[in-house]
Asker: 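My questions all concern the structure below.
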Amino acid sequence: MPVSKCPKKSESLWKGWDWKAQKNGLRRQVYAVNGDYYVGEWKDNVKHGKGTQVWKKNGAIYEGDWKFGKRDGYGTLSLPDQQTGKCRRVYSGWWKGDKKSGYGIQFFGPKEYYEGEWCGSQRSGWGRMYYSNGDIYEGQWENDKPNGVGMLRLKNGNRYEGCWERGMKNGAGRFFHLDHGQLFEGFWVDNMAKCGTMIDFGRDEAPEPTQFPIPEVKILDPDGVLAEALAMFKKTEEGD
């Protein structure tokens with residue numbers, strides 16, 4: 001009895017191509033139309049896990065964690081140096097939703113960088129900023145500016161300790177003029193000292209002390225002043 005075999009029905013080619021195009025797991029290099037490319041892990045066609053993204057337009061390179069197509073976790077961002085042509089690290093730290101979030105270090109230049117907390121790619125929380133002129137600010141930040149309580153230490157050793165708002169001295173604070181051996185304590189508005197007291201502070205050890213010390217303000221005869229005030233008070237009562 002003859003045996004007939006039915007040929008297997010071949011799948012459409014597009015289904016095989018579509019299956020191969022699905023990105024899951026580790027892929028070597030996946031290029032975008034604009035020349036950007038990514039090397040790393042995928043999940044359901046989005047970057048997820050460990051990977052490196054290179055942007056062709058500005059030469060930026062991100063190496064680190066991804067979550068559902070966005071930088072999320074710990075990662076490093078590098079940019080090409082216009083002078084040397086080599087890539088230099090500009091940020092190392094934590095990300096969330098494609099933005100700097102958590103603790104991280106941002107390099108603004110060879111001698112200027114920030115280390116501390118971030119939120120939404122802005123300096124927010126506690127942090128320390130090293131400026132290129134040698135000044136150092138350490139304290140609270142909000143919306144990328146000093147805001148809250150913090151200390152600014154100048155290159156010459158003088159320092160301000162107190163309240164900040166919108167990146168300026170605002171509120172109660174103390175300014176140590178260590179080069180002259182004086183201390184000002186008072187109230188500030190937009191970097192201007194409005195009222196307060198100035199006293200000598202470490203004047204003997206100051207490198208450039210003032211010519212004369214601040215005289216002490218005191219009553220020469222406190223008992224006499226008190227007696228005179230009581231006498232006037234009694235006289236006023238008798239007159240009534």
Side-chain angles (χ1 to χ4, degrees), residues 58 60 76-79 81-83 88-218:
N58 60 358
T76 299
L77 179 66
S78 302
L79 290 172
D81 192 306
Q82 295 182 354
Q83 296 180 348
R88 62 179 180 86
R89 183 180 57 178
V90 294
Y91 177 78
S92 291
W94 293 91
W95 301 73
K96 186 174 182 180
D98 222 29
K99 294 184 178 181
K100 301 164 194 167
S101 185
Y103 181 84
I105 302 177
Q106 171 86 39
F107 294 89
F108 299 94
K111 297 181 180 180
E112 186 164 297
Y113 65 96
Y114 168 85
E115 55 180 3
E117 296 176 316
W118 295 78
C119 183
S121 287
Q122 291 188 325
R123 291 167 286 187
S124 291
W126 179 94
R128 184 186 295 116
M129 180 72 194
Y130 295 85
Y131 297 95
S132 58
N133 62 359
D135 298 346
I136 303 173
Y137 171 81
E138 182 175 356
Q140 295 175 315
W141 293 75
E142 187 176 347
N143 296 328
D144 225 30
K145 294 180 179 180
N147 200 93
V149 178
M151 178 184 70
L152 176 65
R153 185 166 64 248
L154 305 180
K155 183 180 180 180
N156 62 4
N158 294 346
R159 69 178 186 272
Y160 168 82
E161 299 176 359
C163 299
W164 296 77
E165 187 178 337
R166 296 173 285 106
M168 295 181 286
K169 306 179 190 75
N170 274 286
R174 299 187 296 175
F175 197 103
F176 294 84
H177 299 270
L178 299 181
D179 53 345
H180 301 315
Q182 291 182 331
L183 166 63
F184 175 84
E185 186 169 4
F187 194 84
W188 303 70
V189 176
D190 292 349
N191 279 338
M192 295 291 293
K194 293 298 182 178
C195 62
T197 57
M198 179 80 80
I199 61 172
D200 286 327
F201 183 85
R203 186 173 176 276
D204 295 336
E205 294 81 22
E208 299 177 7
T210 55
Q211 185 176 0
F212 302 104
I214 298 176
E216 184 180 356
V217 179
K218 62 180 181 179

Asker: Of all heavy-atom pairs between V149 and W164, which one has the smallest distance, and what is that distance?
Answerer: C-CD1, 4.4 Å

Asker: Looking at CZ of R89 and CG of L79, how far apart are the two atoms once the value is rounded to the nearest 0.5 Å?
Answerer: 13.0 Å

Asker: Does any pair with a residue in residues 187-197 pass side-chain hydrogen bond (donor to acceptor under 3.5 Å, both in side chains), and if so which ones, sequence neighbours excluded?
Answerer: R166-D190, N170-D190

Asker: Which label fits W118 and Y91: parallel for a plane angle under 30°, tilted from 30 to 60°, or perpendicular past 60°?
Answerer: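 It falls in the perpendicular class, over 60°.
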
Asker: Rounded to the nearest 0.5 Å, how far apart are CD of E185 and CZ of F176?
Answerer: 8.0 Å

Asker: Under the criterion side-chain contact (heavy atoms from CB on, under 4.5 Å), I'd like the reasoning laid out for M129 against E112: C-alpha separation, chi angles, the key distance, then a yes or no.
Answerer: CA-CA 8 Å; M129 180 72 194; E112 186 164 297; 3.4 Å; yes

Asker: If we ignore hydrogens and angles and just use 3.5 Å, is the side chain of R128 paired with the main-chain N or O of I136 as donor and acceptor?
Answerer: no

Asker: Work out which heavy atom in A60 is nearest to a heavy atom in L77; give both atom names and the distance.
Answerer: CB-CD1, 4.4 Å

Asker: Applying ring-ring contact (aromatic ring centres under 6.0 Å, His included), can you list everything that pairs with Y130, at least two apart in sequence or on another chain?
Answerer: Y113

Asker: Where the side chain of W141 meets the backbone of G127, is there a donor-acceptor pair that is under 3.5 Å apart?
Answerer: yes

Asker: Kindly indicate, with the supporting measurements, whether the criterion side-chain contact (heavy atoms from CB on, under 4.5 Å) is fulfilled by R174 and L183.
Answerer: CA-CA 7 Å; R174 299 187 296 175; L183 166 63; 4.0 Å; yes

Asker: Taking atom CD of Q182 and atom CE of M198, what is their separation to the nearest 0.5 Å?
Answerer: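 Reported to 0.5 Å precision, the distance equals 5.0 Å.
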
Asker: Test side-chain contact (heavy atoms from CB on, under 4.5 Å) on Y137 and Y131; report intermediate values, then the result.
Answerer: CA-CA 8 Å; Y137 171 81; Y131 297 95; 4.0 Å; yes

Asker: If you compare all heavy atoms of S124 against all heavy atoms of E142, which two are closest, and at what distance to 0.1 Å?
Answerer: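 Minimum heavy-atom separation between S124 and E142: OG-CA, 3.9 Å.
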
Asker: So, S132 side chain and K111 main chain: donor-acceptor pair closer than 3.5 Å or not?
Answerer: no

Asker: For the atom pair CZ (F187) and NZ (K169), what is the distance rounded to the nearest 0.5 Å?
Answerer: 14.0 Å

Asker: Run the ring-ring contact (aromatic ring centres under 6.0 Å, His included) test against H180 and tell me which residues pass, sequence neighbours left out.
Answerer: none

Asker: If every non-hydrogen atom of D81 is compared with every non-hydrogen atom of R88, which pair is closest and at what distance?
Answerer: OD2-CD, 3.4 Å

Asker: From K100 NZ over to S92 OG, what is the distance, rounded to the nearest 0.5 angstrom?
Answerer: 10.5 Å

Asker: Mind listing the closest non-hydrogen atom pair of E165 and N147 along with its distance?
Answerer: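 Here E165 and N147 meet closest at CA-OD1, 3.3 Å.
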
Asker: E208 side chain to D179 main-chain N or O, any donor-acceptor pair under 3.5 Å?
Answerer: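 It does not hold such a pair.
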
Asker: As an exercise, state the distance from NE2 of H177 to CZ of F184, rounded to the nearest 0.5 Å.
Answerer: 7.5 Å

Asker: Looking only at heavy atoms, what is the nearest atom pair of Q140 and G148, with distance?
Answerer: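 That closest heavy-atom pairing would be OE1-CA, 3.3 Å.
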
Asker: More than 12 heavy atoms of other residues, nucleotides or ligands under 6.0 Å from CZ of R153: is that the case?
Answerer: no

Asker: Are any of the side-chain nitrogens in D144 or R123 under 4.0 Å away from the carboxylate oxygens of its partner?
Answerer: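 Judged by the 4.0 Å cut-off on N to carboxylate O distance, D144 and R123 do form a salt bridge.
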
Asker: Applying side-chain contact (heavy atoms from CB on, under 4.5 Å) to L154 and F175, what does each step give before you reach the verdict?
Answerer: CA-CA 11 Å; L154 305 180; F175 197 103; 4.0 Å; yes

